[in-house]
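Residue numbers count from 1 along this sequence. Values reported hereafter were calculated over all heavy atoms of this structure, with side chains retained and with hydrogens, waters and symmetry mates removed.
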Amino acid sequence: MLTACATVDERLEAAATREGEVKATRALPAYPGDCRHRERSGVRAGEPLDVALIRTDQALGRANARVSRCAGWYDDIKTGFGGDE
C-alpha cells in the first residue's frame with residue numbers, strides 16, 4: 001500500500017486496524033490459582049472467644065494479603081496490555 005497517496009482518514013483507519021489486529025493476538029495468562037482460594041477462619045465451636053478472634057484475624061490477614069497479590073498481578077498484566085483501556 002502506498003501510504004503517501006492515502007488520505008488521512010484511510011491512514012488512520014489502516015493504523016487502527018493494525019492496532020486492533022495486534023491487540024487481538026494477545027492472550028491473557030492463566031489466572032493464578034491462589035487468587036481463587038477462599039479463606040476460612042478455622043474457628044471451632046466451643047473455642048474461647050480470644051482464640052476465635054485470633055484465628056479470624058489471621059484468616060483476614062491471609063485474605064487481604066491474597067487480594068494485594070492478585071491486584072498486583074492484575075495491574076502488571078494491565079500495564080503489559082497497554083494500560084488504561
ring-ring contact (aromatic ring centres under 6.0 Å, His included) partners of residues 46-66, not counting sequence neighbours, each pair once: none
For the OG1 atom of T56 and the CD atom of E39, what is their distance to the nearest 0.5 Å? 11.0 Å
If I take atom CG from residue L49 and atom CD1 from residue I54, how far apart are they, to the nearest 0.5 angstrom? 11.0 Å
Using the test side chain to side chain contact (heavy atoms under 4.5 Å, CB included), find all partners of S68 that sit at least two apart in sequence or belong to another chain. none
Taking side chain to side chain contact (heavy atoms under 4.5 Å, CB included) as the test, write out the residues that go with R55, two or more places apart. V43, R44, E47, V51
Could you state the interatomic distance from OG (S41) to CG (D57), rounded to the nearest 0.5 Å? 11.0 Å
Could you tell me which residues satisfy side-chain hydrogen bond (donor to acceptor under 3.5 Å, both in side chains) with Q58, sequence neighbours excluded, listed by chain and number? none
Going by the rule side chain to side chain contact (heavy atoms under 4.5 Å, CB included), which residues pair with L28 if we only count those two or more places apart in sequence or in a different chain? I77, F81
ring-ring contact (aromatic ring centres under 6.0 Å, His included) contacts touching residues 34-69 (sequence neighbours left out): none
Tell me, please, which residues at least two apart from E13 pass salt bridge (Lys or Arg N to Asp or Glu O under 4.0 Å). none
Just list the side-chain donor-acceptor pairs under 3.5 Å for residues 69-76, sequence neighbours left out, or say none.
{"unit_1": "R69", "atom_1": "NE", "unit_2": "D34", "atom_2": "OD2", "d": "3.2"}
{"unit_1": "R69", "atom_1": "NH2", "unit_2": "D34", "atom_2": "OD2", "d": "2.6"}

Taking atom CZ of R66 and atom CZ of R36, what is their separation to the nearest 0.5 Å? 13.0 Å
Residue set satisfying side chain to side chain contact (heavy atoms under 4.5 Å, CB included) with V67, at least two apart, ordered chain then number -> none
